[in-house]
2 protein chains.
Amino acid sequence: MTETVTAAGTSTGSKSEQAYAAVKARIIDGAYSPGYRLVLAKIAEDLGVSVVPVREAIRRLEAEGLVKFERNVGATVSGIDPTEYLYTMQTLSIIEGAATALSAPLIGEADIARARAVNAEMRDCLQHFDPVRFTQLNQDFHSVLFEHCPNPHILDLVHRGWNRLAALRSSTFRFVPGRAHQSVDEHEALLRLIETGASADDIEKAARLHRSATLDAYLAQAAATDHHTPQQ
Amino acid sequence: MTETVTAAGTSTGSKSEQAYAAVKARIIDGAYSPGYRLVLAKIAEDLGVSVVPVREAIRRLEAEGLVKFERNVGATVSGIDPTEYLYTMQTLSIIEGAATALSAPLIGEADIARARAVNAEMRDCLQHFDPVRFTQLNQDFHSVLFEHCPNPHILDLVHRGWNRLAALRSSTFRFVPGRAHQSVDEHEALLRLIETGASADDIEKAARLHRSATLDAYLAQAAATDHHTPQQ
DNA sequence: GTAATAGTTTTCGTATACGATTTCGTACTC
DNA sequence: GAGTACGAAATCGTATACGAAAACTATTAC
């Protein structure tokens, strides 16, 4: 009957869950861009549910940092702020570094091979200039590394960071070709470290630097183009 | 008028906020111990509000890992599980390590002096065997170190970890005197590293180890006393 | 005595409704 | 003409109510 077809095929049953997934998807894919005003009643109508589950969904998204909520005023899609980007990237570099180091001993040859295949495809994307697919593959690559992470809390933090980035990137942050080439090389170097059984410390440092370098590239570009801060 | 006096003097106005603060406080101070069944209607009545804001509060606490929520069944105070403790401590060691390293350059002489005073009082607590105050001072000590942390996301993660631990510790995990002495010494060592301007890397390692050592002490004790896992 | 089942109770999930708060527009005054 | 005050509209926050799902209990069949 009703079974409102939410963005992705999320038929978990709970209206609240549906609303959460739908709004989250729209934020991440950029349909709701940063600053967008999320009006409960409007979203509720769009999704064919009442405001209560929508409110719950919004607050959950707030806890994940995807929306900003103001008492008696309403919710807006968060993001934009370069400072926020810096915070997120810095946190992510730490978390991903740890996640990679913890996962490394559990990564087998098959995983390495799969990661290499993904990385090769990323190189292709650079030839054909396909930044969207590149970004997707980049996630796939890191997913291979992290899927064995023995600490679910850390894995959860990684995913949260990714979601934030996805929301930010989809609207404000540009693709930096020079950095992308370097990134692919760093992936290969990481894989070599892992398969040669490098120390956890070395792997962590490399993984951290991988993320930090992307941040630095962004900062450099921002400075170079005299990036005018889009205000909230 | 009404202004329901919630547990702590939390008169933020919003019922949802009140419920959140009240339930959180009860979990952390142990009034609601792990496994305790959180029935919406009952809590709502206790607090003198309706179920809607209580539900919102509970879900917020779920996002922070303090309660476990099951669809159509209800919420229980999470915790107990030693595995969960391990995950939390491991994550915290990483986050605190980074937080300390990032804060270090911003810590001044006054902060160091304050931290030393707290640490001295911790030593006293060991003489008089006052584990409750010791735990409080321990938080104070680390607060001094972290309060200058330039990345609010990381600081937030630290606080979340502490809350989880508080909820766990208050009911299940025991005070380990031997470890406590060592902990105080490590604090002093950390302060020396910071005031001598050691490298961020060294500070991070030391801070991480400080937390890891506590985890190890727990694991050793658990193994020694053949700690029988209290089931959910 | 045990297991399956039907009925009852508890508790959750969400729709609806209404009071409270903010915001926006308009008119009025200086 | 600019600023302020007042009123209307929009939106949030929460109480209440009811349907749905799960858990519990008692009963019956084997």
Side-chain angles (χ1 to χ4, degrees), chain A residues 1-7 10-24 26-27 32 34-63 66-78 231-232, chain B residues 1-7 10-24 26-27 32 34-63 66-78 231-232:
Chain A
M1 37 150 261
T2 58
E3 183 58 27
T4 345
V5 180
T6 59
T10 55
S11 53
T12 339
S14 158
K15 307 279 180 79
S16 158
E17 201 69 28
Q18 286 178 19
Y20 168 77
V23 176
K24 183 173 175 177
R26 283 171 200 191
I27 291 175
Y32 293 158
Y36 185 88
R37 181 83 184 280
L38 298 168
V39 178
L40 295 185
K42 194 166 166 298
I43 295 174
E45 191 179 310
D46 286 357
L47 300 178
V49 300
S50 86
V51 296
V52 178
V54 173
R55 182 185 164 88
E56 185 167 310
I58 300 277
R59 299 226 56 163
R60 222 170 122 190
L61 291 167
E62 184 203 11
L66 290 180
V67 315
K68 204 162 138 265
F69 203 88
E70 210 172 340
R71 171 90 194 274
N72 276 323
V73 174
T76 54
V77 177
S78 69
Q231 70 268 19
Q232 192 71 317
Chain B
M1 36 149 270
T2 58
E3 183 58 28
T4 343
V5 180
T6 59
T10 55
S11 54
T12 337
S14 159
K15 307 279 180 79
S16 159
E17 200 71 26
Q18 286 178 20
Y20 168 76
V23 175
K24 183 173 176 177
R26 284 171 200 192
I27 291 174
Y32 293 159
Y36 185 87
R37 182 81 184 281
L38 297 168
V39 178
L40 296 184
K42 195 165 166 297
I43 295 173
E45 193 181 329
D46 285 357
L47 300 178
V49 300
S50 87
V51 296
V52 178
V54 173
R55 182 184 164 88
E56 185 168 310
I58 299 277
R59 299 227 56 163
R60 222 170 122 191
L61 290 167
E62 184 202 11
L66 289 181
V67 314
K68 206 164 136 260
F69 203 87
E70 210 174 340
R71 172 89 194 276
N72 276 324
V73 174
T76 54
V77 177
S78 69
Q231 70 268 19
Q232 192 75 318

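Every value quoted in this text rests on a predicted model; they were computed, and no experiment measured them. Every chain is numbered from 1, with letters handed out A, B, ... down the list of sequences.
- Atom P of nucleotide dT11(D) and atom CD of E45(A) are separated by 12 Å, given to the nearest angstrom.
- Residues forming a side chain to side chain donor-acceptor pair (under 3.5 Å) with S50(B) (at least two apart in sequence, or on another chain): none.
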- [ ] Let me have a per-nucleotide readout for nucleotides 19-25 of chain C, 5' to 3', with B, S or -, counting only protein heavy atoms under 4.0 Å.
- [x] --SSS--
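- As judged by a 4.0 angstrom heavy-atom cut-off over every strand, L38(A) is placed among residues touching the sugar-phosphate backbone only.
- Residue K24(A) holds its NZ atom at 13.0 Å from CD1 of I58(A), rounded to the nearest 0.5 Å.
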Polar atom pairs (N or O), protein with nucleotides 15-19 of chain D, under 3.5 Å:
residue	atom	partner	partner atom	Å
dA15(D)	OP1	K15(B)	NZ	3.0
dA15(D)	OP2	S50(B)	N	2.5
dA15(D)	OP2	S50(B)	OG	2.2

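- Residue S14(A) has no polar side-chain atom (N or O) positioned under 4.0 Å from OP1 or OP2 of dA21(D).
- R60(B) pairs by the side chain to side chain contact (heavy atoms under 4.5 Å, CB included) definition with R59(A), E17(B), Y20(B), not counting sequence neighbours.
- Between the CD atom of Q18(A) and the P atom of dT14(C) there is a distance of 9 Å, rounded to whole Å.
- A search for ring-ring contact (aromatic ring centres under 6.0 Å, His included) contacts involving Y32(B) returns Y36(B), not counting sequence neighbours.
- Rounding to whole angstrom units, CD of residue E17(B) and C1' of dT14(D) are separated by 15 Å.
- In this structure, the side chains of L38(B) and L61(B) stay at 4.5 Å or more apart for every pair of heavy atoms.
- Rounded to whole angstrom, the span from the CG atom of L40(B) across to the C1' atom of dT10(C) amounts to 12 Å.
- In this structure, CD on E45(B) lies 10.5 Å from CG on L47(B), to the nearest 0.5 angstrom.
- In this structure, the side chain to side chain contact (heavy atoms under 4.5 Å, CB included) partners of V39(A), at least two apart in sequence or on a different chain, are R37(A), K42(A).
- For the atom pair OG (S78(A)) and CD1 (I27(A)), the distance works out to 7.5 Å, reported to the nearest 0.5 Å.
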